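Computed from a prediction, not measured in an experiment: that's the story for all the values here. Worth knowing before you read on, the calculation uses all heavy atoms, side chains too, and leaves out hydrogens, waters and symmetry mates.
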Amino acid sequence: MKFATLSTGQVVALTKEGYRSVNRASMIDVIEKYPSELTFSGDPIALPETLAPPIAKPSKIWAAAGNFYRGVNTKDPDGKSSRGEATTLTKEELLHSLFLKPPSAIIGPGDSIVIPPGAGGVFPEVELCIVIGKRCRGLTVEQAKSAIFGYSILLDVTARNYGPEKSGKSMRCIRKGYDTFAPFGPGITTRDEIPHPNRVKLNLWVNGELRQSASTETMINGAFELVSFLSKVCTLEPGDLISTGTPDSPAHQRKLVAGDTMIAEIEGIGKMKLGIRAA
């Protein structure tokens, strides 16, 4: 099933008749009660382009870095699925490169990414986002699937080459933590409708030009591995988000400028449109 949150805060679900109101107070409430205790009311509506984030304030947003095979090491022999230089880190080292983005960075579909003053370049990274469905700790990879409520789109926006040069990689949480740097939506698709999260297509258009197009098939650590690892680091709560990384290396990304319009799409989830503006 697909769920979304309207700008009014009302949660809606895609039924056979169309999107209809759900009898729960919030998306977290839906996650904790699904699939039981859900009823629908009201006339069917078309999902608007402008929405609230599916979850406004998750307790945590974890994000993966460098989590795709690239270039000659990708499963695509021509290196078309994930562009750029391959990482030299092992699977385990990549797990230890996971980082946190603040929930205050979240915006919803139809909103705008704001370029911070003095930022030399702001770059979008389209990523499959895991939505945790229950409180869990210490999961095996085999147990991880049952802890997932569903999947969404998250853009890990980055102000690259920004701040004191000596700070280096330690600035990751700063460069990726500004307000509006975590566009999230358009809704959440439950895990039963995406049985193979390590095999879905991602696309990103800027001003109508296709800038990213790849598959999660080239992820190094898959969705269940990420959930398992993080559940051994901290207790995961319903509504927590785990963004699984972007296919292209920085060398194959192009910066955004004020006035740009962007559309992110993931197979089985949908599309969300975003604007870009200066602070």
Side-chain angles (χ1 to χ4, degrees), residues 1-34 38-59 61 63 101-114 124-133 149-157 178-191 193-194 200 202-208 238-243 256 260-277:
M1 181 167 276
K2 289 181 170 63
F3 294 92
T5 304
L6 303 181
S7 298
T8 60
Q10 177 64 52
V11 179
V12 295
L14 182 59
T15 67
K16 292 179 180 179
E17 295 81 23
Y19 278 95
R20 300 180 67 204
S21 295
V22 180
N23 69 324
R24 307 313 306 182
S26 68
M27 189 70 77
I28 296 294
D29 198 16
V30 169
I31 290 170
E32 291 178 334
K33 299 297 190 298
Y34 182 83
L38 295 184
T39 59
F40 313 103
S41 61
D43 295 330
I45 63 167
L47 199 64
E49 203 169 72
T50 299
L51 295 162
I55 301 165
K57 295 180 179 179
S59 75
I61 307 171
K101 288 175 74 86
S104 55
I106 286 179
I107 58 172
D111 210 335
S112 292
I113 296 165
V114 178
E125 300 178 359
V126 61
E127 305 191 5
L128 177 70
C129 180
I130 299 164
V131 182
I132 295 298
F149 172 71
Y151 301 92
S152 189
I153 303 171
L154 191 139
L155 288 167
D156 179 19
V157 181
Y178 285 91
D179 286 356
T180 76
F181 273 26
F184 170 40
I188 301 171
T189 301
T190 52
R191 71 171 190 253
E193 294 196 12
I194 303 180
V200 295
L202 307 88
N203 290 307
L204 179 69
W205 291 267
V206 179
N207 303 328
D240 279 357
L241 308 180
I242 303 171
S243 202
L256 300 169
D260 282 348
T261 300
M262 183 165 56
I263 295 175
E265 177 187 41
I266 295 183
E267 179 184 4
I269 296 170
K271 295 181 180 181
M272 67 172 169
K273 187 175 181 179
L274 300 153
I276 317 298
R277 65 178 178 87

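- You'll find the side chain of Asp156 reaches within 4.5 Å of the side chain of Glu127, heavy atoms only.
- A 4.5 Å side-chain heavy-atom check between Pro48 and Leu6 finds at least one atom pair inside the cut-off.
- With a 4.5 Å cut-off on side-chain heavy atoms, Ile276 and Val114 do not count as touching.
- Note that CD1 of Ile130 and CD1 of Ile188 are 12.5 Å apart. Values are rounded to the nearest 0.5 Å.
- Contact detail for Ala52 and Pro109: the closest heavy-atom pair is O-CD, 3.9 Å.
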Practice task
Show your working on side-chain contact (heavy atoms from CB on, under 4.5 Å) between Ile263 and Leu204 and close with a plain yes or no.
Solution key: CA-CA 6 Å; Ile263 295 175; Leu204 179 69; over 6 Å; no
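- Phe149 and Tyr34 have perpendicular rings, their planes meeting at more than 60° on a 0 to 90° scale where under 30° would count as parallel.
- Between Ser104 atom OG and Asp179 atom CG the span is 5.0 Å, to the nearest 0.5 Å.
- Of all heavy-atom pairs between Thr50 and Gly110, the closest is OG1-CA, 3.9 Å.
- A donor-acceptor contact shorter than 3.5 Å links the side chain of Arg20 to the backbone of Gly42.
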Practice task
Could you go through the side-chain contact (heavy atoms from CB on, under 4.5 Å) check for Glu265 and Trp205 one step at a time?
Solution key: CA-CA 9 Å; Glu265 177 187 41; Trp205 291 267; 3.1 Å; yes
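- A side-chain donor-acceptor contact under 3.5 Å links Ser59 and Asp240.
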Practice task
List the steps, then state whether side-chain contact (heavy atoms from CB on, under 4.5 Å) holds for Asn207 with Met262.
Solution key: CA-CA 6 Å; Asn207 303 328; Met262 183 165 56; over 6 Å; no
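- No side-chain heavy atom of Met1 sits under 4.5 Å from any side-chain heavy atom of Leu14.
- One distance of note links OG of Ser243 with CG of Leu155; it measures 8.0 Å at 0.5 Å rounding.
- The backbone N or O of Gly268 lies less than 3.5 Å from a partner atom in the side chain of Thr189, making a donor-acceptor pair.
- Contact of the Thr261 side chain with the Val206 side chain is not registered, since no non-hydrogen atoms from C-beta on lie closer than 4.5 Å.
- At least one donor-acceptor pair closer than 3.5 Å links the side chain of Thr5 to the backbone N or O of Pro54.
- Heavy-atom contacts from other residues, nucleotides or ligands closer than 6.0 Å to CD of Glu193 number more than 12.
- In terms of heavy atoms, Gly239 sits closest to Ile28 at CA-CD1, 3.6 Å.
- Between the side chain of Ser152 and the main chain of Gly187, a donor-acceptor pair closer than 3.5 Å is present.
- Within the model, atoms CG of Leu202 and CD1 of Ile266 stand 4.5 Å from one another, a figure rounded to the nearest 0.5 Å.
- Of all heavy-atom pairs spanning Pro183 and Leu274, the tightest one is CB-CD1, 3.5 Å.
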Practice task
Assess whether side-chain contact (heavy atoms from CB on, under 4.5 Å) is satisfied between Leu51 and Asp111, documenting all intermediate values.
Solution key: CA-CA 8 Å; Leu51 295 162; Asp111 210 335; over 6 Å; no
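- Taking the side chain as every heavy atom from C-beta outward, Val22 and Asp29 never approach each other to under 4.5 Å.
- Residues Phe3 and Leu38 have side chains in contact (heavy-atom distance under 4.5 Å, counting atoms from C-beta outward).
- Around atom NZ of Lys57, no more than 12 heavy atoms belonging to other residues, nucleotides or ligands sit under 6.0 Å away.
- Ile55 CD1 to Ile132 CD1: the interatomic distance, rounded to the nearest 0.5 Å, is 10.0 Å.
- Minimum heavy-atom separation, Pro44 to Gly18: CB-CA, 4.1 Å.
- Between the side chains of Gln10 and Thr8, no donor N or O sits under 3.5 Å from an acceptor N or O.
- In this structure, the side chains of Lys101 and Phe181 come closer than 4.5 Å at one or more pairs of heavy atoms.
- With sequence neighbours excluded, no residue forms a salt bridge (Lys or Arg N to Asp or Glu O under 4.0 Å) with Lys273.
- With hydrogens and angles left out, the side-chain atoms of Thr39 and Asn23 include a donor and acceptor closer than 3.5 Å.
- Taken to the nearest 0.5 Å, the CZ atom of Arg277 stands 11.0 Å off from the CD1 atom of Ile113.
- Across Pro58 and Ile106, no two heavy atoms sit closer than the pair CD-CD1, 3.5 Å.
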